[in-house]
Visitor: 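Once you've had a glance at the structure underneath, I'll fire off some questions.
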Amino acid sequence: MNSKTFGAMIGILAAASLSFSGCSKAKHSAVTGDKESAAMQQRAPAEGLEPVDFRTGFLEYRNINNNELLYQPAVLLKLKNIRKEDFPENVKFMATFISNGEEWATATANFRNPTDTPLQPGIVRQLRLQCSVGYKSYLSVPKADVRCVIYADDKKFKEVKIDSRILPSNRF
């Protein structure tokens, strides 16, 4: 095989590799140094979501498999689309619940499920992050010392202390 043929094969393999890896114009512009174009194409997923309100506390959870009632720490979030266009992206929220220096559990919630419509400008969507671990007695709730670190697509979003109260509902 001569050097021209070898060079042509390398060029074809490189082009095929880029097309199979899903390289897009936005990624290409980031590689070539066109920072402004790359920033417009690859904005952070949580950009455009503004926290409007949040509540923390404990929600009653009844496990019917073993007839157990638990009081689980939870965070309720209201997030508003502050963009001028629809918010079509899914943002994965993950909450880590910590008590007395020990991680209890993590909870995840998708801001937009596959069946949800994109969030329209100016509209609010609620999100619930509820720990899978909890107290067996409501008498433990007033003495609870639990905090929650919330991440949006693996970036720290908010850290809150869980209020020592029982929430009446999983909605605002």
Side-chain angles (χ1 to χ4, degrees), residues 22 24 26-27 30 38-172:
S24 67
K27 288 181 184 176
M40 289 175 60
Q41 296 292 328
Q42 297 178 343
R43 64 179 159 198
E47 181 185 315
L49 289 180
E50 179 180 275
V52 175
D53 200 1
F54 73 95
R55 289 191 185 153
T56 66
F58 289 78
L59 288 170
E60 285 186 0
Y61 171 76
R62 184 169 305 277
N63 184 339
I64 58 173
N65 293 328
N66 60 4
N67 198 27
E68 179 180 59
L69 180 65
L70 289 176
Y71 295 89
Q72 299 173 328
V75 177
L76 306 176
L77 284 171
K78 278 188 177 185
L79 299 165
K80 181 178 183 177
N81 178 5
I82 58 170
R83 293 182 183 170
K84 290 181 175 23
E85 69 269 0
D86 287 355
F87 191 94
E89 296 98 332
N90 177 33
V91 179
K92 182 179 180 184
F93 285 88
M94 184 179 80
T96 302
F97 293 89
I98 301 166
S99 178
N100 299 319
E102 178 184 356
E103 183 177 302
W104 273 12
T106 58
T108 59
N110 289 318
F111 180 71
R112 180 174 181 249
N113 292 313
T115 57
D116 291 339
T117 59
L119 189 62
Q120 296 173 12
I123 301 294
V124 174
R125 185 172 283 164
Q126 290 190 33
L127 192 68
R128 182 186 79 224
L129 295 158
Q130 185 171 345
C131 188
S132 60
V133 175
Y135 294 112
K136 289 186 176 186
S137 170
Y138 70 90
L139 297 173
S140 298
V141 171
K143 300 179 279 185
D145 182 22
V146 181
R147 64 186 174 92
C148 179
V149 182
I150 303 168
Y151 298 89
D153 283 341
D154 298 326
K155 293 179 185 141
K156 191 171 180 180
F157 181 72
K158 191 171 196 59
E159 184 169 345
V160 295
K161 181 173 181 351
I162 303 297
D163 291 335
S164 296
R165 64 179 173 159
I166 296 174
L167 295 170
S169 172
N170 63 0
R171 304 271 306 160
F172 276 80

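FYI, side chains are in, hydrogens and waters are out, and symmetry mates aren't considered; it's all heavy atoms of this structure.
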Visitor: Could I get the full list of side chain to side chain donor-acceptor pair (under 3.5 Å) partners for Asn110, not counting sequence neighbours?
Guide: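 By the side chain to side chain donor-acceptor pair (under 3.5 Å) rule, Asn110 matches Asn90.
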
Visitor: Taking C-beta and beyond as the side chain, do Glu47 and Glu89 meet within less than 4.5 Å on heavy atoms?
Guide: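 SC-SC contact between Glu47 and Glu89 ruled out.
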
Visitor: Is any side-chain heavy atom of Val149 closer than 4.5 Å to a side-chain heavy atom of Lys156?
Guide: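 When only atoms from C-beta onward are counted, Lys156 and Val149 do touch, with a gap below 4.5 Å.
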
Visitor: What is the distance from atom OG1 of Thr108 to atom CE of Met94, rounded to the nearest 0.5 Å?
Guide: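 So the OG1 of Thr108 and the CE of Met94 are separated by 8.5 Å.
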
Visitor: Could you tell me whether Asn67 atom CG has more than 12 heavy atoms of other residues or ligands within 6.0 Å of it?
Guide: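 No - once you tally the heavy atoms of other residues, nucleotides and ligands closer than 6.0 Å, there are 12 at most.
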
Visitor: Test side-chain contact (heavy atoms from CB on, under 4.5 Å) on Phe87 and Leu49; report intermediate values, then the result.
Guide: CA-CA 8 Å; Phe87 191 94; Leu49 289 180; 3.7 Å; yes

Visitor: Does CZ belonging to Phe172 count more than 12 external heavy atoms closer than 6.0 Å?
Guide: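 Yes - once you tally the heavy atoms of other residues, nucleotides and ligands closer than 6.0 Å, there are more than 12.
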
Visitor: Could you report the tightest heavy-atom contact between Val75 and Cys148, atom names first, then the distance?
Guide: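 It is CG2-SG, 3.9 Å.
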
Visitor: Mind checking the OG1-CD1 spacing from Thr106 to Ile150? Nearest 0.5 Å is all I need.
Guide: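 Separation between the atoms: 13.0 Å.
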
Visitor: Can you measure from OG (Ser132) to CG (Asn63) and round to the nearest 0.5 angstrom?
Guide: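 Rounded to the nearest 0.5 Å, the OG-CG separation comes out at 11.0 Å.
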
Visitor: Please output the side-chain donor-acceptor pairs of residues 114-125 that fall under 3.5 Å, not counting sequence neighbours, one pair per line with the distance.
Guide:
unit_1 : atom_1 : unit_2 : atom_2 : d
Asp116 : OD2    : Asn113 : N      : 2.9
Arg125 : NH1    : Phe111 : O      : 3.2
Arg125 : NH2    : Thr117 : O      : 3.0

Visitor: Are any side-chain N or O atoms of Gln72 and backbone N or O atoms of Tyr61, one a donor and one an acceptor, separated by less than 3.5 Å?
Guide: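 Absent.
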
Visitor: Any donor and acceptor pair, going by atom type alone, linking the side chain of Arg128 with main-chain N or O of Arg171 inside 3.5 Å?
Guide: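 No.
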
Visitor: Could you point out which residue of Phe54, Tyr151, Phe157 forms a ring-ring contact (aromatic ring centres under 6.0 Å, His included) with Phe93?
Guide: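 Testing each of Phe54, Tyr151, Phe157 against Phe93, the sole residue satisfying ring-ring contact (aromatic ring centres under 6.0 Å, His included) is Phe157.
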
Visitor: Considering all heavy atoms of both residues, which atom of Ala107 and which atom of Leu129 are nearest to each other, and what is their separation?
Guide: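 For Ala107 versus Leu129, the nearest heavy atoms are O-CD2, 3.9 Å.
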
Visitor: When you look at NZ of Lys78, are more than 12 heavy atoms from neighbouring residues, nucleotides or ligands closer to it than 6.0 Å?
Guide: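 Buried by this count: over 12 neighbours within 6.0 Å.
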
Visitor: Rounded to the nearest 0.5 Å, how far apart are NZ of Lys136 and CD of Glu68?
Guide: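 If we round to the nearest 0.5 Å, Lys136:NZ and Glu68:CD are 4.5 Å apart.
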
Visitor: Hey, could you give me the OH/CG distance between Tyr71 and Leu139, rounded to the nearest 0.5 Å?
Guide: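 Between atom OH of Tyr71 and atom CG of Leu139 there are 8.5 Å.
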
Visitor: Hey, what's the ring geometry for Tyr135 with Phe58, parallel, tilted or perpendicular (30° and 60° as the breaks)?
Guide: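 Ring orientation of Tyr135 relative to Phe58: tilted.
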
Visitor: Can you tell me how far apart CG (Leu59) and OG (Ser169) are? Round to the nearest 0.5 Å.
Guide: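 Between atom CG of Leu59 and atom OG of Ser169 there are 8.0 Å.
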
Visitor: Please lay out, stage by stage, how Lys161 and Thr56 fare under the test side-chain contact (heavy atoms from CB on, under 4.5 Å).
Guide: CA-CA 8 Å; Lys161 181 173 181 351; Thr56 66; over 6 Å; no

Visitor: Residues two or more places apart in sequence or in another chain: which of them pass side chain to side chain donor-acceptor pair (under 3.5 Å) with Arg147?
Guide: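 Result, side chain to side chain donor-acceptor pair (under 3.5 Å) vs Arg147: Glu159.
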
